[in-house]
K.L.:
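Supplied in structure tokens, the structure appears directly below.
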Amino acid sequence: MPKSRIRKKADYTPPPAKQTTAIKLSNRAWVAPVMLAMFLIGLAWIVVFYVTDGSLPIDSLGNWNIVVGFGFIAAGFGVSTQWK
């Protein structure tokens, strides 16, 4: 029975090195304080509304004060998307 030919395998060549580029991160030191401030303002707004039985922070808004408080909290989450 004839012997099969042996195939030569190509030598391993590593892929070319990737060029690394420096990522310039801008200074976003303002994001965390603003985000936390928005969260705390929203929380305080809702707590004050419930503790004062709806007479504060703005009496004319009535139950819409809850929406304002959650609006501050939502704005805090919006600001948090800028955090790197």
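Numbers for residues simply follow the sequence, beginning at 1. We use all heavy atoms of the structure for the numbers below, so side chains are in, but hydrogens, waters and symmetry mates are not.
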K.L.:
Rounded to the nearest 0.5 Å, what separation is found between the CG atom of Asn63 and the CZ atom of Phe49?
P.N.:
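Answer rounded to 0.5 Å: 4.5 Å.
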K.L.:
Would Leu56 and Val47 show up in the same hydrophobic cluster when neighbours are defined by side-chain heavy atoms closer than 4.5 Å?
P.N.:
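Hydrophobic grouping puts Leu56 apart from Val47.
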K.L.:
Can you tell me how far apart CD1 (Ile73) and CG (Leu40) are? Round to the nearest 0.5 Å.
P.N.:
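Answer for the CD1-CG pair, Ile73 versus Leu40, is 9.5 Å.
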K.L.:
Determine whether the aromatic ring centres of residues Phe72 and Phe39 are separated by less than 6.0 angstrom.
P.N.:
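Centroid separation for Phe39 and Phe72: 6.0 Å or greater.
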K.L.:
For the residue pair Gly76 and Met35, what are the closest heavy atoms and their distance?
P.N.:
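Heavy atoms of Gly76 and Met35 come nearest at O-CG, 3.4 Å.
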K.L.:
Roughly how far, to the nearest 0.5 Å, is the CH2 atom of Trp83 from the CZ atom of Arg28?
P.N.:
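Nearest 0.5 Å value for the CZ-CH2 distance: 13.0 Å.
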K.L.:
Would Val48 and Leu43 show up in the same hydrophobic cluster when neighbours are defined by side-chain heavy atoms closer than 4.5 Å?
P.N.:
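Different clusters.
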K.L.:
Nearest 0.5 Å please: distance from the CG atom of Asn65 over to the OH atom of Tyr50.
P.N.:
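So the gap between those two atoms works out to 10.5 Å.
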K.L.:
Output the distance between atom CG (Asp59) and atom OG1 (Thr52), rounded to the nearest 0.5 Å.
P.N.:
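Interatomic distance, Asp59 CG to Thr52 OG1, rounded to 0.5 Å: 8.5 Å.
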K.L.:
Consider only side-chain heavy atoms of I, L, V, M, F, W and Y, link residues closer than 4.5 Å, and tell whether Trp45 and Val51 are in one cluster.
P.N.:
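Not linked; separate clusters.
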K.L.:
Rounded at 0.5 Å granularity, tell me how far CZ in Phe77 sits from CE in Met38.
P.N.:
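Phe77 atom CZ to Met38 atom CE measures 12.0 Å (nearest 0.5 Å).
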